[in-house]
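Structure first, then comments.
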Amino acid sequence: MFDLSDYKWWQKAVFYQIYPRSFADGNGDGVGDFAGMIAKLPYLQELGVDAIWLSPHYPSPFVDCGYDVSDYQDVGREYGTLDQFKQFLNQVHQRGMRLVLDMVLNHTSDQHPWFIESRSSRDNPKRDWYMWRDGIDGNPPNNWFSAFGGPAWEFDARTSSYYYHYFFKEQPDLNWRNPAVKEAMFNAVRFWLDLGVDGFRLDAVGTIFENEDYPPIPEGMSQEELYRLGFKKSNPDADEGFVAYFMQMFGQQVDKPEVHQLMQELRTVVDEYEDRVLIGETDAIEFYGDGTNELHLNFNFPLMQADKLTARHVKQNQAQRLSALPEKAWPCNTLGNHDVSRVYTAFGDGINNDAQAKLHLMLLLTLKGTPFLYNGEEIGMTDLLIRDQQLFRDPLSLLYVDLERRVNGTDEGSAVVVGAKKGRDRNRTPMQWSNEPNGGFCPPEVTPWLPVNPNYADGVNVNDQVSQPDSMINFYRRMLLVRKQNPALLVGDYQEIDIDNEELLCFSRKYANDELLVVLNMSAENRQVVLPRKVNQILINTLKNWVHIEDPAPTLLPYQGVVYRVG
Ligand code: NOJ
């Protein structure tokens, strides 16, 4: 058996995603920054997180909220300076935490100097750094779509040619088949590794290569039809028709086999440094390689791609996911990030949300694998629907307003609500630090870059919650501590126990001589559970009414979860 110290830090860590623009505003301009992040490091330490994943902090015209990078080796001025970044990194390390950056490999901003050069003339040395093709009889090179709306090809009058973009047209795809691109990007990776960052979350890895032959997709496919069918790839509840349509539409543009060779090369670069980690924004198991030679972690997105987190869904998900992993691969779970609804909103039924949010955290932190939290979930932040199009910052919202109007004939006012629900501003609003104007995120007289959710005034803020023992944040702190203190939860074997109840999830985590029993009532009814093991301690309970340790068949209240020690 392995000793706990044989496991890597990233196998035992709880990661916390910071969305820098919305986390903490240190200079009072309505935009989060490094000064703010530095000031909040004691907060993160007290919360008990071990590692930070920082969403893009690079210079960016901010068309795709930072995922359109215009310089990979600097810091966006609104966030601060490279020196401040170094201070931040240093202090993260001094506090015993780690820092992982976001690395956007597939595309740059159209304002990146590389692209500005590339588009300037057909014989520019950087021409081939992007994917240029001539049109055919006045039409784009083929009929591929962009996943973010419209055709995948943008006409550029300067050279009468088209460039390819999988995402927005302001995000031209790099041509990774050109060795100079690889070299330049690997240099950017090395730049941050040399500064001491602990690894990268790799954006959209599945989209790096396309079918080189550019075969057209079947005639007549349309984004309107895709929209009509629903929009959740790999959602187990999704209509198979949708998934099939999606794959027909985008299959030539994603998950091409060459990407694995590239990931292996990147792994070699990263392995030149000690103890760094690569985390893929993908749920495709293939990105683990043989379990040792590609990415260290890939997200188990199917876990969160369900309308409800039922016991059944979790069991199916774990069975599929864990059995598919190569032998040495390590699982990685999350329930929310900057692209999807906040966990409190996504999985709350409107009645039991607090109990559910606590239960869902208990699930995430007791399943096998590295958990990722998203900033704000620790105080139960909810989605905010922005009802004024002028305030949308995510262009995807506008795309959805347009699709909703055209496909479903919805009136403008209602379509805006749909746009707000399907876009991503709703889950990116500023962190709510206190019950002061603007939730304490920025000074009262300043307009934050996205509106603050007014529920900061109803207790959804850090300050109010820290003083209340039963608050969401204090449950998060306790749960993180229980995890940290129990190696069985960090690295122990995971085994589901069939307790003959569809609505209850029960599993054991076992390490050395220690066995813990996790029992989760994932339903809105009271459920009695005959404990499958003799237990001698309750480590943590999501609800206040303590179940009795002597009771071998306790009744768990709706959405109650308990972690016991067996013995
Ligand atoms: C995935 C990121 O998470 C998302 O926010 C972004 O829009 C796309 N990749 C494009 O970079």
Side-chain angles (χ1 to χ4, degrees), residues 15-23 53-72 76 100-112 115 130-131 145-150 152 154 164-174 176 185 188 200-210 231-234 246 250 253-255 259 278-284 287 295 297-301 304-305 332 334-342 372-375 383 392-400 419 422-429 449-450:
F15 280 75
Y16 180 94
Q17 180 188 358
I18 291 185
Y19 194 69
R21 217 171 185 84
S22 286
F23 189 59
W53 151 27
L54 185 63
S55 275
H57 65 286
Y58 311 97
S60 161
F62 216 69
V63 173
D64 187 18
C65 301
Y67 285 89
D68 45 329
V69 177
S70 55
D71 183 349
Y72 285 90
V100 163
L101 301 182
D102 220 308
M103 185 47 72
V104 186
L105 301 171
N106 176 65
H107 49 269
T108 68
S109 157
D110 64 349
Q111 300 306 309
H112 195 295
F115 187 70
Y130 294 84
M131 309 194 26
F145 287 96
S146 153
F148 279 6
E154 180 70 10
Y164 172 77
H165 58 97
Y166 185 76
F167 296 101
F168 292 121
K169 67 177 174 17
E170 294 84 357
Q171 295 169 294
D173 272 44
L174 283 163
W176 277 87
M185 289 299 285
F200 300 96
R201 174 266 191 190
L202 303 174
D203 186 67
V205 279
T207 64
I208 292 175
F209 288 99
E210 301 71 35
F231 206 92
K232 268 192 179 175
K233 191 190 161 203
S234 71
F246 183 96
F250 292 107
Q253 298 164 257
V254 296
D255 291 345
V259 75
L278 289 174
I279 306 146
E281 193 223 350
T282 176
D283 52 42
F287 281 87
L295 308 185
L297 297 173
N298 297 333
F299 290 105
N300 172 14
F301 287 136
M304 70 175 187
Q305 285 163 334
C332 174
T334 187
L335 293 175
N337 60 40
H338 66 294
D339 287 331
V340 294
S341 243
R342 285 190 169 275
F372 274 67
L373 308 176
Y374 177 53
N375 59 195
D383 286 1
F392 285 167
R393 292 285 172 271
D394 179 12
L396 273 188
S397 295
L398 295 173
L399 170 73
Y400 288 123
K422 291 188 183 281
R424 301 167 297 179
D425 292 328
R426 63 189 167 163
N427 50 293
R428 295 173 174 180
T429 59
W449 80 281
L450 267 182

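Positions are given from 1, in the same order as the sequence printed here. Heavy-atom basis, side chains included; hydrogens, waters and symmetry copies ignored. Start at 1 and go down the list; that is how both ligands and their atoms are numbered.
- The contact shell of ligand 1, taken as protein residues with any non-hydrogen atom closer than 4.0 angstrom, comprises D64, Y67, H107, F148, F167, R201, D203, E281, H338, D339, R424, R428.
- A donor-acceptor pair under 3.5 Å is formed between the side chain of Y72 and the backbone N or O of V104.
- A salt bridge between D339 and R424 is present, with a side-chain N of the basic residue lying under 4.0 Å from a carboxylate O of the acidic one.
- Take W176 and apply the ring-ring contact (aromatic ring centres under 6.0 Å, His included) test, not counting sequence neighbours, and it matches no residue.
- Within the cation-pi definition used here (under 6.0 Å to the ring centroid, within 45° of the axis), R21 qualifies as a partner of F62.
- The pair R342-D383 does not meet the salt-bridge criterion, since no charged nitrogen lies less than 4.0 angstrom from a carboxylate oxygen.
- Here the options are Y67, F250, F209, F145, the test is ring pair (Phe, Tyr, Trp, His ring centres under 6.0 Å), and the partner is Y166; only F250 passes.
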